[in-house]
Amino acid sequence: MERLKNMGLKHSFFLLSFLCLLSALLLTAGIYLFCEKMKGSYPRGGVVIGFDGSMTELPQPTPEQMDILRLFDMIQVFTVLLVPVCGLGLAGMLFYRWKLKKPINVLKDSAGRIRMHDLDFTVPKISGDELGEVCAAFEVMREELLCSNKELWYQAQERKRLNAAFAHNLRNPVTVLKGTVKMLRQGVGDEQALERLAIYTERIERYIEAMSSIQRLEQMPVCKKSVAVSLLYDELSETANLLAPSLKISIRGNADEERAELDHGLFLTVAENLINNAARYAKEELTIILNRDERYLKLSVTDDGPGYPAWLIKDGPKPFGRADAHETSLGMGLYSSMLLCMKQGGTLTLENAAKQGASATALFAI
């Protein structure tokens, strides 16, 4: 049976047909000879002519015996006609049951599940014949479809994540621009305000061009250049005053006269995200510390709010991970900041103060 299971369809059909037809012919011959033997036990009638020319009349069968003889003749005729045909029919039934039924049911069930977009199953290995190869091909197709669906889902998630980060990271520069425009309308702006408008407009333009050419947030290009740390202090002060005008802002550091090699735009994006995030939870104060050593530029933003939730400190920022379910933000600020720090060879560390408040520390390799 195992050998027949792995035999090709053509060979297995020929073998079953041959065996069933041979069995049918042997059965036909047996029935025919049996009927002949049984008919020999009944008188046939007629005349026997001897060698000497004498004639002997044989006993005539009775009407009942004639009916029995005719019945045997009919059995012989129908046996010769029907038994071989039944043998071929039996061969077809056995061939369908042993070779076709299970693979066809498996293929029908698999096709139905694939049509319903259910790919979480395995097409079993049926046999080594042609239908077994078709089942194996179905399994390969299912795996390819599953991989394609996973890739499409992953791309959709990446696009969703990218769009959310794009919207979030544009919000802070737009807020700064709106604050600067408001200052100019009130007549309290100066040349620095106009310069800020030009810088942030150019920065938004570069950011849009970069985001339109990438598929994932991790593909954000990094363009490092030498920047004066004192300029970063001034920008942090302006950004903090525009994003958190009602808070007491404290900015300090140790590298006023130093320069740092980093992506200026990405640094400001991270700084804006951290300041904006801290401003949402701070009660009265916001502290920004910018330090530089031989390897890193270190930016720390600390607030006096309730602190980060335990899961955020333990697992780190996640896309769309909101500290509060009732927040209106997309939950992408800390996550995109972490990725942008990693793009520049650094890290983002979140901590809670011993008594009250939260601190986010971003490192940038310089």
Side-chain angles (χ1 to χ4, degrees), residues 1-50 55-116 118-145:
M1 186 63 187
E2 188 64 28
R3 184 177 180 182
L4 182 65
K5 181 179 179 180
N6 295 319
M7 190 179 294
L9 295 178
K10 181 172 66 176
H11 294 128
S12 59
F13 180 75
F14 175 79
L15 179 61
L16 282 173
S17 300
F18 173 77
L19 293 176
C20 290
L21 186 58
L22 178 62
S23 301
L25 291 176
L26 292 175
L27 180 60
T28 300
I31 294 175
Y32 189 89
L33 293 175
F34 175 76
C35 291
E36 284 295 322
K37 182 178 179 181
M38 293 301 296
K39 288 193 299 183
S41 63
Y42 291 92
R44 299 290 187 92
V47 178
V48 177
I49 302 175
M55 300 176 61
T56 304
E57 187 175 356
L58 297 174
Q60 295 295 325
T62 63
E64 292 79 7
Q65 291 174 334
M66 286 295 295
D67 293 337
I68 294 175
L69 291 172
R70 281 194 292 269
L71 177 61
F72 281 125
D73 290 336
M74 291 176 61
I75 290 175
Q76 287 177 316
V77 172
F78 282 108
T79 298
V80 172
L81 294 177
L82 293 179
V83 173
V85 174
C86 292
L88 290 176
L90 178 62
M93 291 175 60
L94 293 177
F95 180 75
Y96 174 79
R97 181 175 180 181
W98 290 344
K99 302 293 291 183
L100 301 181
K101 183 178 180 180
K102 188 174 182 180
I104 289 175
N105 289 336
V106 168
L107 292 174
K108 286 175 62 178
D109 179 68
S110 301
R113 297 183 70 170
I114 291 175
R115 185 172 62 251
M116 299 299 294
D118 176 16
L119 300 175
D120 190 18
F121 69 98
T122 301
V123 181
K125 184 178 181 181
I126 303 299
S127 60
D129 58 20
E130 292 86 341
L131 282 177
E133 294 176 358
V134 173
C135 291
F138 243 72
E139 172 63 13
V140 173
M141 181 185 70
R142 182 200 64 81
E143 291 178 349
E144 292 295 330
L145 286 174

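Just so it is clear, the values below take in all heavy atoms, side chains as well, and ignore hydrogens, waters and symmetry mates. Heads up: numbering here begins at 1 and tracks the sequence.
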Report task. Over all heavy atoms of both residues, which pair between K99 and L9 is shortest? Give the atoms and the distance, please. Result ->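 Closest pair (atom of K99, atom of L9, distance): CE-CD2, 4.0 Å.
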
Query raised in the report: Looking at A111 and F138, what are the two nearest heavy atoms and their distance?
Result: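 Shortest heavy-atom contact: N-CE2, 3.9 Å.
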
Above 12 or not: heavy atoms from other molecules or residues under 6.0 Å from [atom1] of [X]?
X	atom1	result
D120	CG	no
M74	CE	no
F18	CZ	no

Once you round to the nearest 0.5 Å, how far does [atom1] of [X] lie from [atom2] of [Y]?
X	Y	atom1	atom2	result
F78	I31	CZ	CD1	13.5 Å
C86	L21	SG	CG	12.0 Å
D67	T62	CG	OG1	8.5 Å
Y96	K101	OH	NZ	6.5 Å
S17	L22	OG	CG	12.0 Å
E139	M141	CD	CE	9.5 Å

Query - Pair R70 + D73: basic N to acidic O under 4.0 Å - result: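 Judged by the 4.0 Å cut-off on N to carboxylate O distance, R70 and D73 do not form a salt bridge.
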
Within-4.5 Å side-chain heavy-atom neighbours: [X] and [Y]:
X	Y	answer
L25	P84	yes
L94	C20	yes
L131	I126	no
I68	M38	no
F121	I114	yes

Query raised in the report: Taking the six-membered ring for Trp, are Y42 and F72 parallel (under 30°), tilted (30 to 60°) or perpendicular (over 60°)?
Result: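 Rings of Y42 and F72: tilted, as their planes differ by 30° to 60°.
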
Requested in this report: Show your reasoning for whether side chain to side chain contact (heavy atoms under 4.5 Å, CB included) applies to E130 and K10.
Outcome: CA-CA 10 Å; E130 292 86 341; K10 181 172 66 176; 5.5 Å; no

Report task. Can you spot which of D129, V140, L107 makes a side chain to side chain contact (heavy atoms under 4.5 Å, CB included) with C135? Result ->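 The passing option is L107.
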
Report task. Would you check, one step at a time, whether the test side chain to side chain contact (heavy atoms under 4.5 Å, CB included) holds for R142 with R113? Result -> CA-CA 10 Å; R142 182 200 64 81; R113 297 183 70 170; over 6 Å; no

